[in-house]
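Residue indices begin at 1 and follow the sequence shown. For the numbers below, each heavy atom of this structure counts, side chains included, while hydrogens, waters and symmetry mates do not.
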Amino acid sequence: MDFWQRYRAIDARDTRFDGQFYTAVRTTGIYCRPSCPARTPKADNVTFYETSAAAHDAGYRACKRCLPEAVPGTPAWNLRSDLAGRAMRLINDGVINRDGVEGLASRLGYSSRQLNRILSHELGAGPLSLARASRAQTARTLLVSTPMKAADIAFAAGFSSVRQFNETIAEVFAMTPSELRATARHQHAPARTAASSTALTLNLPYREPFNPGVFEFLAVRAIPGIEEGTSTSYARTLRLAHGDARFRVEYEADAPGRPIRLSIGAVDLRDLASLLSRVRRLLDLDADPVAIDGALGADPRLAASVAAVPGMRMPGAVDPQELLIRAMIGQQITVAAARTALVQLSACGGASLVPADGLHGIFPTAAEIADGGFQLLRGPLRRIDSIRGAAAAMAAGELDFGYGDDLAGLQAKLLPLPGVGPWTVGYVAMRVIGAPDVFLANDAAVRNGIRSLAQAAAPDMLAPDSLPPVPLSPDFRELSPWRSYATMHLWRAAAAAQSAARIKKLSPKKVTQ
């Protein structure tokens, strides 16, 4: 977007652009979200920034009226496969909090000096400033959404000291932590015990519309004892850097504001920022559904599906290594068969350290699968050996991939593995790095979805002046860069057709006279 496109967006107070850029006003010294209700500033006084960190570094403070930190993240970090996008995915996952700038630079294949220079040029702020802004956003969320003590929030958000936390909150928001907490719309009861610092409930911001089909996708693949899902909720155990965690996320469609509520049953406070980021990725809460639906709805093959289920999300992954194992097990077999195999494999994973609510297990590590878990799998020996080989490579550190990779990097790392083909790489790219433009042309469910939508779809578009019809490409390239979301619609259509066929088969035959 150029300057005037952004200026028109803030003049219209368009909420779709909240979190995608920030508006700084020189005459007031504050920065706002695009939908801020304040009077539109003169264009001569406005500077637009890609990130809130850039506004911080330029000397601006957050607007107290629109609270620009309380917005969904930008979808650009998944859309962009350059260094800036990869770095932001890792920063949001808490890599700097765990490994510092050197650790972030090493994962990205750059020196810390190069990384700082490139990010400062691309995003207007270096990695430390970007991490600081992420900590401030996490701290604000916890202050206004939970009864946690300020000291616990400081360390949970990634600050190294309470003093650093207080100084950052004062500098970014021009308020003390207590004053910021007082801006919450409802006050929380004080924590009853120290242990309550790991049991939290908060709302996750997102852009509307939101279709809860992502919960159904996760539910049909859930492993009992480790995961649990319904059409509007999902819960699971998870292993993070400092220990096991447990969470539940629910979509309350009938409540005011239709909140997505995250309940964290247990987590080490040092892992809290990482957990929040991964849950957001899991539900694709930073997506721009209006832009995506606008592109998909223009295709006659998908128009009816987009109209029926606006706001389709692409499910992410809370553990990249786990997702690769699940993808390798699930390729070329049905979802039900893959789930059965994963239930068998989960027996080698052991018990969760934070069991509750029927979630008592935890998905096995790569080392556990390589050491003996592969023996629990059934099927062709070549496939079992390939799963064991991938697990062994991950356990030994020979195969290292995650949120900081791009599609080309994933292909280079995964395709050499026995038993891994383009489908597996594409599926992992969709769910781990949120790659928006993957089309799994050889996927059986995709082909079935195309056939099932063919009857309801409009005919091929006609060119003007009675020219011959414009053919639509079989790989949906017209929809780039949103073909991953087209894949989600096709999967949904295939599942709906399969369910309808099953019901028809089970229904009693009509008795004729």
Side-chain angles (χ1 to χ4, degrees), residues 1 3-75 124-125 129-130 132-147 150 153 157 165-188 202-208 255-260 276 280 285-286 288 290:
M1 299 177 67
F3 178 91
W4 290 108
Q5 287 174 322
R6 290 179 173 180
Y7 189 79
R8 285 193 293 271
I10 68 169
D11 193 39
R13 293 167 178 77
D14 195 330
T15 59
R16 294 179 300 166
F17 297 98
D18 286 353
Q20 301 198 43
F21 64 86
Y22 297 86
T23 305
V25 184
R26 285 186 289 276
T27 52
T28 61
I30 64 173
Y31 70 92
C32 305
R33 62 168 80 181
S35 66
C36 182
R39 185 177 62 183
T40 304
K42 293 181 179 179
D44 292 343
N45 297 328
V46 168
T47 302
F48 293 115
Y49 291 99
E50 296 289 334
T51 64
S52 61
H56 297 166
D57 282 0
Y60 294 93
R61 67 181 186 276
C63 175
K64 297 180 181 180
R65 186 171 181 182
C66 70
L67 298 174
E69 307 294 338
V71 297
T74 173
S129 295
L130 293 166
R132 177 172 174 264
S134 179
R135 294 180 193 127
Q137 184 173 6
T138 300
R140 192 212 70 84
T141 299
L142 297 176
L143 281 167
V144 301
S145 303
T146 75
I153 289 176
F165 162 71
N166 289 332
E167 290 176 349
T168 299
I169 295 299
E171 183 177 344
V172 172
F173 300 106
M175 288 185 280
T176 66
S178 297
E179 291 171 340
L180 185 56
R181 169 164 274 167
T183 64
R185 294 181 180 179
H186 55 277
Q187 298 299 313
H188 298 270
L202 58 151
N203 292 342
L204 301 176
Y206 65 94
R207 295 180 182 88
E208 293 193 272
R258 294 185 290 275
I260 295 178
L276 293 175
R280 294 194 64 81
L285 297 185
D286 293 333
D288 183 354
V290 174

Exam field: side chain Gln137 to backbone Glu69, donor-acceptor pair closer than 3.5 Å: yes

Residues Arg181, Ile153; criterion side-chain contact (heavy atoms from CB on, under 4.5 Å); working and verdict: CA-CA 12 Å; Arg181 169 164 274 167; Ile153 289 176; 3.4 Å; yes

Worked check of side-chain contact (heavy atoms from CB on, under 4.5 Å) between Arg8 and Gln5: CA-CA 5 Å; Arg8 285 193 293 271; Gln5 287 174 322; 3.5 Å; yes

Check against side-chain contact (heavy atoms from CB on, under 4.5 Å), His56 and Thr51: CA-CA 9 Å; His56 297 166; Thr51 64; over 6 Å; no

Shortest non-hydrogen contact between Ala58 and Tyr49, atoms and distance: CB-OH, 3.3 Å

Arg140 side, atom CZ; Ser145 side, atom OG - distance, nearest 0.5 Å: 6.5 Å

Matching residue for Ser35 among Thr23, Asp14, Thr15, Asp18 - test: side-chain hydrogen bond (donor to acceptor under 3.5 Å, both in side chains): Asp18

Nearest-0.5 Å distance, OH of residue Tyr60 to OG1 of residue Thr28: 8.0 Å

Heavy-atom pair of closest approach, residues Leu285 and Pro72: O-CB, 3.9 Å

Any donor-acceptor N/O pair, Arg33 side chain to Gln20 backbone, under 3.5 Å: no

Main-chain N/O of Asp11 paired to Arg13 side chain as donor or acceptor, under 3.5 Å: yes

Nearest non-hydrogen partners of Arg207 and Asp286, listed with the distance: NH1-O, 2.9 Å

Minimum heavy-atom distance Leu130-Ala125, with the two atoms named: CD1-O, 3.8 Å

Closest non-hydrogen atom pair between Val46 and Pro41, with its separation: CG2-CG, 3.4 Å

Salt-bridge present (Arg6, Glu50; N to O < 4.0 Å): yes

Ala43 to Phe3 - nearest heavy-atom pair and separation: O-CZ, 3.6 Å

Separation between SG of Cys63 and OH of Tyr22, rounded to the nearest 0.5 Å: 13.0 Å

Aromatic plane relationship, Phe21 with Phe17 - under 30° parallel, 30 to 60° tilted, over 60° perpendicular: tilted

Electrostatic pair Glu171:Arg132 at N-O distance under 4.0 angstrom: yes

Audit row: Leu276, Leu202, side-chain contact (heavy atoms from CB on, under 4.5 Å) steps and yes/no: CA-CA 10 Å; Leu276 293 175; Leu202 58 151; 4.0 Å; yes

Approximate separation, where rounding is to 0.5 Å, of Ile169 CD1 and Ser178 OG: 11.0 Å

